[in-house]
Amino acid sequence: MAGNERLGVAVVGLGGAVATTAVAGMELLRRGRVDTRGLPLADAKGMGLVEYGALTFGGWDLFEEDLAHAARNHAVLTQAQLEAVAPTLGRMRPWPAASNARFCKNVVGTATKKARTLREQVQALREDLTRFKEHEKLDRVVVVNLASTEKAVDLTRPEFATPEAFEKALDANDPDIGPAMLYAYAAIVDGIPFANFTPSVAADVPALLLLAKRTGAPVAGKDGKTGQTLLKTVLAPALRDRALHVDGWYSTNILGNRDGEALNDPASKQNKLDTKGAALDSILGYKVQDHVVSIQYYRPRGDNKEAWDNIDVTGFLGQPMQLKLNFLCKDSILAAPLVVELARTLDLAKRRGEGGVIDALGCFFKAPMSQDGQPVEHAMPEQQRRLMAWLAKGRVQQTERTPERIRAEP
């Protein structure tokens with residue numbers, strides 16, 4: 001791969017806390033202000049991944065403020081970090097977003113597409129991607145969904161069964177087609193890789209999975225695995241392997257960022273709870289009768305999420321024991337590096353000619369997608385092994401590279 005190739009990362013929710021942290025992080029890395037700690041694949045050399053310096057960011061948002069103002073409001077970066085990247089972020093403004101308040105009631109902005117029909121919205125999104133690629137002289141583009149959580153929809157509807165049925169539903173302005181599906185379709189129909197880092201229904205629509213195979217668009221999702229669920233999928237395999245029976249697992253979270261505000265809507269919250277709760281029984285091999293997952297919006301906490309876990313287990317001779325965890329984490333600091341690595345790995349899949357679900361990327365998600373209904377692996381150690389084995393298939397000889405500039409859209 002040529003050293004001067006450039007990859008565009010088009011982000012849905014560019015003005016959000018995770019996206020602004022990712023953009024700022026790559027700019028700080030370019031300037032030598034930070035190292036690669038927290039980037040899981042920084043040491044995966046010679047495996048065909050583009051360099052971090054190849055990334056150029058753009059994307060959509062419901063709020064039109066520039067990224068410097070957005071990052072300041074999210075309060076993730078230190079003051080020194082914000083000052084260092086403010087000139088670059090200040091030149092970046094999101095493109096107007098596709099929106100439907102029925103799907104996410106608590107996050108309503110003003111920078112929305114003026115298109116009246118679903119078909120017109122999709123066409124506008126596709127034109128945004130074409131313009132992004134041409135204006136920035138990019139070699140390729142990937143799309144990553146970081147928008148707020150939408151309510152769930154019924155994926156068994158016949159309108160979602162095939163690409164042809166989905167096309168007709170688009171033309172009929174089907175009310176069950178939400179914004180996340182529109183972004184997924186806009187990418188997939190043109191063979192562009194798509195990652196869904198949210199619990200929203202997007203590329204997991206059966207019709208869009210079939211379409212991704214036809215167009216050769218790699219897809220991955222859904223709902224980024226960053227904090228509490230990450231620890232759960234690390235601990236649960238160890239408890240299983242030591243034959244410690246899990247009698248109950250109580251998990252609760254408080255957070256106060258825009259994601260938390262979106263989850264204050266019961267319909268959006270339920271969609272999130274479904275993805276957070278799916279892994280445990282799968283890993284253990286039995287149903288935990290008292291598995292409780294709770295998410296509470298608490299505005300003063302901002303991006304500093306706190307997660308508590310109480311785990312009741314029974315061991316040898318029927319003796320009860322407990323584990324208690326308290327994880328005080330920074331939501332965007334955990335999520336932003338995964339977004340960067342998803343862009344790089346999905347681009348690699350595209351260059352390899354792999355279309356449809358890339359199940360080797362399951363380690364990045366709470367509710368991983370699988371190919372053709374295959375069983376989903378949730379245990380983090382096995383997921384990591386599969387990722388590294390998949391990467392190793394593309395191992396290449398390390399060559400001299402000229403320094404590459406991480407650019408933000410002007």
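We're numbering straight along the sequence, starting at 1.
In summary, the side chains of Gln374 and Asp359 do not present any donor paired with an acceptor at a separation below 3.5 Å, with no hydrogens or angles considered. The closest side-chain donor-acceptor pair between Lys232 and His291 falls under 3.5 angstrom. A donor atom on one side chain and an acceptor atom on the other are found under 3.5 Å apart for Asp128 and Trp60. Checked by atom type, the side-chain pair Arg344/Tyr52 shows a donor-acceptor distance below 3.5 Å. Defined by atom type and a distance below 3.5 Å, a donor-acceptor pair is missing between the side-chain atoms of Gln228 and Lys305.
Listed by chain and residue number, Tyr185 satisfy the ring-ring contact (aromatic ring centres under 6.0 Å, His included) test with Phe166 (two or more places apart in sequence, or in another chain).
Salt bridge Arg31/Glu27: present, at least one basic N to carboxylate O contact under 4.0 Å. Under a 4.0 Å N-O distance rule, the pair Lys222/Asp204 qualifies as a salt bridge. We find that Arg131 and Glu134 are not joined by a salt bridge, their nearest charged nitrogen and carboxylate oxygen being 4.0 Å or further apart. For Glu136 and Arg6, the salt-bridge test passes: some basic side-chain N is under 4.0 Å from an acidic carboxylate O. Asp372 and Lys213 are joined by a salt bridge, as a carboxylate oxygen and a charged side-chain nitrogen come within less than 4.0 angstrom of each other. For the pair Lys330 and Glu306, the salt-bridge criterion is not met [side-chain N within less than 4.0 Å of a carboxylate O].
Taking the six-membered ring for Trp, Tyr250 and Trp308 have ring centres at least 6.0 Å apart.
When Leu49, Val340, Val50 are each tested for a side chain to side chain contact (heavy atoms under 4.5 Å, CB included) with Thr345, only one passes: Leu49.
Thr226 is listed as a side-chain neighbour of Phe197, based on a closest heavy-atom distance under 4.5 Å.
The line from CD1 of Ile333 to CG of Asn304 is 9.5 Å long, rounded to the nearest 0.5 Å.
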